[in-house]
Peer 1: 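Below is the structure I would like to discuss, written out as structure tokens.
The model shown is predicted, which means the values in this text are computed figures rather than measured ones.
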Amino acid sequence: MEPRTHHTIFTYSILPGLFFEDPVKLLFLLTDSENEGQGIIGLWMQVGKDLMQKGHSLVSPIGLGAAKAAIWGEHAVVVQLPEVTAPGEADFAAMLSLQGRPLYLTFERLADPDDEDGLDEECVLCGWNAAGERVNYELYGPPELEHFMDLVEKFMQESRE
């Protein structure tokens, strides 16, 4: 099964693009409950509407959410994405700062060709830069928030050493 366009464009293009352009503005937008229709659900729906005009399917925002977090003393936003249905889609993303520079991380589902749905029960931690380039950090774990956060902290620790 192929990754869904709405899921991948939102996760690997829209969020990091907005984040690298203006991190403070995006983090406020994603977590401000007063931003009626402009929070993460509003952004997801706008991206979906734009893609529908180009013939792509809208993916339901069920499961989508964003929350503030502190990771190694840095302010961060962690995004839980809608349920993954194909390898290459991400279960989670995190936006934070590493020694003063913006850092966008994803927890991407691996493929299992022997499984009926093609999804592995493991994810890999990846990073994205402002140019849209992806780096595989080769840190693996099950698609659970606790494991994602543990790997982000491990990555932060290793990056500071």
Side-chain angles (χ1 to χ4, degrees), residues 1-69 76-96 102-145 147-149 151-152 155:
M1 180 175 241
E2 291 293 314
R4 296 164 296 176
T5 301
H6 187 184
H7 203 282
T8 56
I9 294 289
F10 184 83
T11 308
Y12 305 129
S13 181
I14 301 298
L15 279 183
L18 293 172
F19 177 65
F20 289 115
E21 181 181 305
D22 190 342
V24 173
K25 181 179 177 183
L26 179 66
L27 299 183
F28 178 76
L29 172 81
L30 295 179
T31 60
D32 182 25
S33 59
E34 303 293 317
N35 256 340
E36 201 167 309
Q38 296 299 316
I40 193 163
I41 302 289
L43 182 59
W44 177 268
M45 296 306 291
Q46 184 58 53
V47 169
K49 287 178 188 174
D50 293 347
L51 289 170
M52 284 177 61
Q53 292 176 350
K54 297 174 183 173
H56 298 284
S57 299
L58 177 70
V59 176
S60 167
I62 291 174
L64 180 64
K68 295 176 186 175
V77 170
V78 176
V79 175
Q80 179 173 335
L81 293 146
E83 182 179 4
V84 167
T85 63
E89 293 181 354
D91 287 276
F92 302 99
M95 292 164 268
L96 61 151
L103 182 63
Y104 184 82
L105 300 170
T106 56
F107 206 35
E108 302 173 21
R109 195 66 70 91
L110 298 171
D112 180 355
D114 296 329
D115 194 84
E116 185 177 311
D117 63 8
L119 289 174
D120 196 284
E121 287 304 313
E122 288 225 321
C123 295
V124 62
L125 185 70
C126 297
W128 295 77
N129 65 23
E133 299 165 326
R134 177 182 175 271
V135 177
N136 179 335
Y137 293 118
E138 297 186 13
L139 295 170
Y140 301 91
E144 298 165 6
L145 181 58
H147 294 284
F148 174 59
M149 297 299 287
L151 291 177
V152 170
F155 170 78

Peer 1: Yes or no on side-chain contact (heavy atoms from CB on, under 4.5 Å) for I9 and H56, after CA distance, side-chain angles and deciding distance?
Peer 2: CA-CA 11 Å; I9 294 289; H56 298 284; over 6 Å; no
Peer 1: Taking side chain as C-beta onward, heavy atoms only, is F155 less than 4.5 Å from L125?
Peer 2: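 A side-chain contact exists here, since the closest heavy-atom pair is under 4.5 Å.
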Peer 1: Can you find a heavy atom in the side chain of C126 that is under 4.5 Å from one in the side chain of V124?
Peer 2: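 SC-SC contact between C126 and V124 confirmed.
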Peer 1: Provide the closest heavy-atom pair for F92 versus Q80 in the form atom of the first, atom of the second, distance.
Peer 2: CE2-CG, 3.7 Å
Peer 1: V152 vs F107, test: side-chain contact (heavy atoms from CB on, under 4.5 Å). Steps then yes/no.
Peer 2: CA-CA 9 Å; V152 170; F107 206 35; over 6 Å; no
Peer 1: Which heavy atom in C123 sits nearest to a heavy atom in D91, and how many Å separate them?
Peer 2: SG-OD2, 3.3 Å
Peer 1: Looking only at heavy atoms, which two atoms of I40 and G65 are closest? And how far apart?
Peer 2: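 The pair with the smallest heavy-atom distance is CD1-O, 4.1 Å.
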Peer 1: Please report the shortest heavy-atom distance between S57 and M52, naming the atom on each side.
Peer 2: C-CG, 4.5 Å
Peer 1: Considering only heavy atoms from C-beta outward, does the side chain of P23 approach that of M95 to under 4.5 Å?
Peer 2: no
Peer 1: Checking E89 side chain against R4 main chain: does a donor-acceptor pair fall under 3.5 Å?
Peer 2: yes
Peer 1: Please name the pair of heavy atoms, one in P87 and one in L119, separated by the smallest distance, quoted to 0.1 Å.
Peer 2: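 Looking at all heavy atoms of both residues, the shortest contact is N-CD2, 3.3 Å.
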Peer 1: Any side-chain heavy-atom pair from D22 and L26 closer than 4.5 angstrom?
Peer 2: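 They are not in contact (no side-chain heavy atoms under 4.5 Å apart), so the answer is no.
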Peer 1: Atom CD1 in I14, atom CG in D50: separation rounded to 0.5 Å?
Peer 2: 8.0 Å
Peer 1: Could you measure the distance from the CH2 atom of W44 to the CG atom of L30? Nearest 0.5 Å is fine.
Peer 2: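 Nearest 0.5 Å value for the CH2-CG distance: 12.5 Å.
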Peer 1: Would V79 and T11 satisfy side-chain contact (heavy atoms from CB on, under 4.5 Å), going step by step from the backbone distance to the final call?
Peer 2: CA-CA 10 Å; V79 175; T11 308; over 6 Å; no
Peer 1: Just do the side-chain contact (heavy atoms from CB on, under 4.5 Å) check on F10 and L43 with the steps written out, would you?
Peer 2: CA-CA 9 Å; F10 184 83; L43 182 59; 3.8 Å; yes
Peer 1: Evaluate the ring planes of F19 and Y104, with Trp represented by its six-membered ring, and classify them as parallel (under 30°), tilted (30 to 60°) or perpendicular (over 60°).
Peer 2: tilted
Peer 1: Does the side chain of L81 reach to within under 4.5 Å of the side chain of L64, using non-hydrogen atoms?
Peer 2: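 Side-chain contact under 4.5 Å: yes.
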Peer 1: Give a yes or no on this: more than 12 heavy atoms of other residues, nucleotides or ligands lie within 6.0 Å of atom CD of E83.
Peer 2: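 Counting neighbours around CD of E83, 12 or fewer heavy atoms of other residues, nucleotides or ligands fall under 6.0 Å, so no.
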Peer 1: Roughly how far, to the nearest 0.5 Å, is the CZ atom of F148 from the CG atom of L105?
Peer 2: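 Answer for the CG-CZ pair, L105 versus F148, is 6.0 Å.
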Peer 1: Report the relative orientation of the aromatic rings in W128 and Y12; use parallel for angles under 30°, tilted for 30 to 60°, perpendicular for over 60°.
Peer 2: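 W128 and Y12: parallel rings.
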Peer 1: Quick test of your reading of the model: are D120 and R109 salt-bridged, counting only N-O distances below 4.0 Å?
Peer 2: no
Peer 1: Under 3.5 Å, is there a donor-acceptor pair between the side chain of H6 and the main chain of V59?
Peer 2: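 Yes; judged by distance alone, with no hydrogens or angles, the pair exists.
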Peer 1: Can you tell me how far the CE atom of M149 sits from the CG atom of L151, to the nearest 0.5 Å?
Peer 2: 11.0 Å
Peer 1: Within the structure provided, determine whether L110 and E121 are in side-chain contact (heavy-atom separation under 4.5 Å).
Peer 2: no
Peer 1: Could you report the tightest heavy-atom contact between V78 and A69, atom names first, then the distance?
Peer 2: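 V78 and A69 have their closest heavy atoms at CG2-CB, 4.0 Å.
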Peer 1: Identify whether the distance between the nearest side-chain nitrogen and carboxylate oxygen of E108 and R134 falls below 4.0 Å.
Peer 2: yes
